[in-house]
Asks: 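Okay, handing you the structure first.
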Amino acid sequence: MRLFDSSKRRMVDFVPLKEGEVRIYVCGPTVYDDAHLGHARSAIVFDLLRRTLEALGYRVIFMKNFTDIDDKIIKKVKESGRSLEEITTHYIRRYLEDMEALGVLRPHIEPKATESLDAIFHMIQRLLEEGIAYRTEKGDIYFDTSKDRAYCSLSHRCDEESLSRIEPDPLKRNPADFALWKGCKGEGDICFDSPFGPGRPGWHIECSAMIQKYLAYKEGPYQIDIHGGGADLLFPHHENEAAQTRSACSRELASYWLHNGFVTISGEKMSKSLGNSFFVKDALKVYDGEVLRFYLLSTHYRADLNFNEEDLVASKKRLDKLYRLKKRIYGVSPSSVNPTLRDEVLSALQDDLNISRALAVLDEMVKRGNEMLDRNPKERGVKRELAANIEFISQLLGVGGRDPYSYFQIGVDEESRARIEALIEERSRAKRERNFEVADRIREELKEMGIAIMDTPQGTVWEKI
RNA sequence: GGCGCCAUAGCCAAGUGGCUAAGGCAGGGGCCUGCAAAGCCCUGAUCCCCGGUUCGAAUCCGGGUGGCGCCUCCA
């Protein structure tokens with residue numbers, strides 16, 4: 001497997017720290033609001049990475065955190081009058097629902113920052129002992145970036161010109177220094193007891209501490225294999241994570257750093273501060289989760305994806321074709337996946353998750369499958385292999401695993417269904433009587449209801465348009 | 001200002017030194033069909049511009065132009 005490593009800024013061969021096993025950490029959401037499409041994309045691309053590694057035979061341990069203590073959450077607590085726990089529990093549940101709708105496999109480990117305070121204390125303590133962290137008069141504890149020789153080796157973005165943009169803070173020794181612990185601001189602040197007095201952790205420390213606690217190998221130059229997250233986290237978040245672990249544990253956090261591109265709207269990054277966020281829950285009202293997943297998956301993970309409905313529809317049509325093929329082989333039991341298909345898809349994904357190449361192989365399989373079935377519709381061996389191919393694909397990409405008939409009838413209620421089927425029956429009768437005028441009128445009527453029908457040797461089937 | 005990324009057909013998008021530049025959507029033509037739909041076949045590219053390196057460049061180098069990101073919370 002080849003991956004683009006952000007730290008080295010080039011493509012590298014992936015070699016796991018322990019043979020046959022891969023440990024991955026991905027930065028999860030701060031749970032103060034619903035997930036938007038950017039969160040969805042990040043989750044989906046790293047889910048693809050996980051599935052690919054699993055398909056290659058690795059035992060994967062996948063971890064994703066919930067940041068459940070943070071300025072924005074506290075702000076929400078104050079505004080809403082609800083408790084911190086109420087809010088974070090709510091948004092964690094919402095996140096998990098969204099992820100499930102998008103076919104994202106549940107991580108093996110899902111720690112929360114507030115449940116990892118012991119590990120956080122421990123790491124801060126170490127940094128204080130080593131003289132790398134310092135306290136300020138306000139009760140905050142900062143990380144002294146000048147004490148870490150390798151600081152900036154990940155993001156390569158800490159030249160003076162850049163750092164001069166950071167708002168100066170007289171309490172900090174260096175501009176890039178960041179808070180490990182924020183002392184309690186008094187009345188109204190949400191604070192935890194700690195060996196350093198009441199307060200709460202800084203944003204970056206939780207990841208380093210939780211990785212060490214839950215996921216890290218105990219020995220070796222690196223703690224875990226892969227650390228992933230959105231490209232906006234590279235600096236300062238990941239740089240700081242790396243610095244903390246390096247300084248507290250005397251080794252590197254991850255041997256590979258991966259970053260996904262943004263979801264943009266009209267070419268601009270989707271973000272809550274820009275107010276152009278598109279929430280997953282809202283998208284799911286209009287588009288099926290699987291279609292959304294397929295769309296977000298179909299652009300290479302490092303490139304930006306400019307969200308628009310036209311491309312999403314094109315993506316849906318591409319997925320439709322897979323499901324139509326699946327209809328044609330309905331009910332047959334799968335034999336074994338075509339080895340060439342398997343190799344080609346996996347070798348594409350092994351090339352830094354080249355999804356475009358993988359999907360081109362998939363399209364080719366669909367086309368050739370249809371062609372073979374056109375020529376010989378009864379060929380059982382072909383059908384069984386196609387069934388196996390589709391099963392393989394659906395495992396790997398997380399799309400195409402559904403019942404093909406229900407896929408085309410998503411969102412149609414029982415009442416409409418009965419009406420549609422009655423109309424189709426009426427039309428079939430008309431057709432038998434060669435009353436094509438009536439038959440065509442019924443087709444039109446169905447079309448107006450948003451239903452397309454198609455006559456097949458097995459009878460008339462319908463799809464929601 | 002610093003550090004980066006990107007620019008391939010109407011749209012999305014692979015390809016990063018060498019046969020006719022993948023694939024999908026849309027469009028056009030055909031086969032099939034009572035008519036359709038679906039499916040299949042055929043059909044589309046001065047690879048942003050200008051220089052350079054090379055026998056040969058979308059692909060490498062230099063310079064432009066345009067777009068975007070990080071440096072502040074961010075997936």
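Values reported hereafter were calculated over all heavy atoms of this structure, with side chains retained and with hydrogens, waters and symmetry mates removed. Convention: sequence-line order gives letters A, B, ...; per-chain numbering from 1.
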Asks: Run the salt bridge (Lys or Arg N to Asp or Glu O under 4.0 Å) test against E463(A) and tell me which residues pass, sequence neighbours left out.
Replies: R324(A), K327(A)
Asks: Just grab all the ring-ring contact (aromatic ring centres under 6.0 Å, His included) pairs involving residues 264-292 of chain A, residues at least two apart or on different chains.
Replies: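 Listed by first then second residue: F278(A)-F307(A).
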Asks: Using a heavy-atom cut-off of 4.0 Å across all strands, would you classify L234(A) as base, sugar-phosphate, or nothing?
Replies: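 Contact class for L234(A): none.
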Asks: Quick check: on RNA chain B, is the nucleotide nearest L359(A) upstream (toward 5') of the one nearest S164(A), or the reverse? Name the residue that is more 5'.
Replies: S164(A)
Asks: Kindly state which residues belonging to residues 424-439 of chain A come within less than 4.0 angstrom of RNA chain B, counting heavy atoms of the residue only, listed by number.
Replies: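 Correct list: R427(A), K431(A), F436(A).
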Asks: Look at all strands and tell whether V313(A) reaches a base, only sugar-phosphate, or nothing, counting heavy atoms closer than 4.0 Å.
Replies: nothing
Asks: Less than 3.5 Å between a donor and an acceptor, one on the side chain of D232(A) and one on the base of G69(B), is that the case here?
Replies: no
Asks: Measure the CZ-NZ distance between F294(A) and K316(A) for me, rounded to the nearest 0.5 Å.
Replies: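 Rounded to the nearest 0.5 Å, the CZ-NZ separation comes out at 11.5 Å.
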Asks: Between the side chains of R93(A) and E97(A), is the shortest nitrogen-to-carboxylate-oxygen separation below 4.0 Å, so that they form an ion pair?
Replies: yes
Asks: Would you please name every residue forming a salt bridge (Lys or Arg N to Asp or Glu O under 4.0 Å) with R200(A), sequence neighbours left out?
Replies: D71(A), D189(A)
Asks: Please determine whether a side-chain nitrogen of the Lys or Arg among D47(A) and R293(A) lies less than 4.0 Å from a carboxylate oxygen of the Asp or Glu.
Replies: yes
Asks: G23(B), G4(B), G1(B): which one has an atom nearest the side-chain heavy atoms of R9(A)?
Replies: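 For R9(A), the side-chain atoms sit closest to G4(B).
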Asks: Give, ordered by number, those residues of residues 378-405 of chain A having at least one heavy-atom distance below 4.0 Å to an atom of RNA chain B; if nothing qualifies, reply none.
Replies: none
Asks: Can you tell me the pairing partner of U53(B) across any strand shown, Watson-Crick or G-U wobble, with both distances under 3.5 angstrom?
Replies: none
Asks: Need the pair for G39(B). Rule: Watson-Crick or G-U wobble, both distances under 3.5 Å, any strand; none if unpaired.
Replies: C31(B)
Asks: When you take the SG atom of each Cys, C184(A) and C191(A), is the space between them under 2.5 Å?
Replies: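 Answer is yes: C191(A) pairs with C184(A) in a disulfide.
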Asks: Considering only A75(B), G34(B), C71(B), which nucleotide approaches the side chain of R165(A) most closely?
Replies: C71(B)
Asks: For the residue pair T114(A) / D68(A), report whether a side-chain donor-acceptor contact shorter than 3.5 Å exists.
Replies: yes
Asks: Please check if any side-chain donor atom of R417(A) sits under 3.5 Å from a side-chain acceptor atom of Q409(A), or the reverse.
Replies: yes
Asks: N/O contacts under 3.5 Å, protein versus nucleotides 37-43 of chain B?
Replies:
from   : atom 1 : to      : atom 2 : distance (Å)
A38(B) : O3'    : R324(A) : NH1    : 3.4
G39(B) : O3'    : N370(A) : ND2    : 3.2
G39(B) : O2'    : D374(A) : OD1    : 3.4
G39(B) : O2'    : D374(A) : OD2    : 2.8
C40(B) : O4'    : D374(A) : OD2    : 3.2

Asks: Partner lookup for C3(B), please. Criteria are Watson-Crick or G-U wobble with both distances under 3.5 angstrom; report none if nothing qualifies.
Replies: G69(B)
Asks: Applying disulfide (SG to SG under 2.5 Å), name anything that partners C158(A), two or more places apart in sequence or on another chain.
Replies: C152(A)
Asks: With sequence neighbours left out, write down each residue that passes ring-ring contact (aromatic ring centres under 6.0 Å, His included) with F178(A), or none if nothing qualifies.
Replies: F143(A), H204(A)
Asks: For M270(A), is there any backbone N or O sitting under 3.5 Å from a side-chain donor or acceptor partner on H36(A)?
Replies: no
Asks: Not counting sequence neighbours, which residues clear salt bridge (Lys or Arg N to Asp or Glu O under 4.0 Å) with K464(A)? List them please.
Replies: none
Asks: Rounded to the nearest Å, what distance is computed from the CG atom of residue D159(A) to the C1' atom of nucleotide G1(B)?
Replies: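 D159(A) atom CG is separated from G1(B) atom C1' by 10 Å.
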Asks: Do the ring planes of H238(A) and H259(A) sit parallel (below 30°), tilted (30 to 60°) or perpendicular (above 60°)?
Replies: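 H238(A) and H259(A): tilted rings.
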Asks: Using nucleotides 9-13 of chain B, report all nitrogen or oxygen pairs with the protein that are shorter than 3.5 Å.
Replies:
from   : atom 1 : to      : atom 2 : distance (Å)
C11(B) : O2'    : D311(A) : OD1    : 3.1
C12(B) : O4'    : D311(A) : OD1    : 3.4
A13(B) : O2'    : S356(A) : OG     : 2.9

Asks: Can K64(A) and E110(A) be counted as an ion pair, charged N to O under 4.0 angstrom?
Replies: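 Salt bridge between K64(A) and E110(A), a charged N being under 4.0 Å from a carboxylate O: no.
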Asks: Please give me every residue in residues 29-52 of chain A whose heavy atoms get under 4.0 Å of an atom in RNA chain B, ordered by residue number.
Replies: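 Hits under 4.0 Å, by residue number: H36(A), G38(A), H39(A), S42(A).
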Asks: Any pair with a residue in residues 353-372 of chain A that passes ring-ring contact (aromatic ring centres under 6.0 Å, His included), sequence neighbours left out, goes on the list, sorted by first then second residue, please.
Replies: none
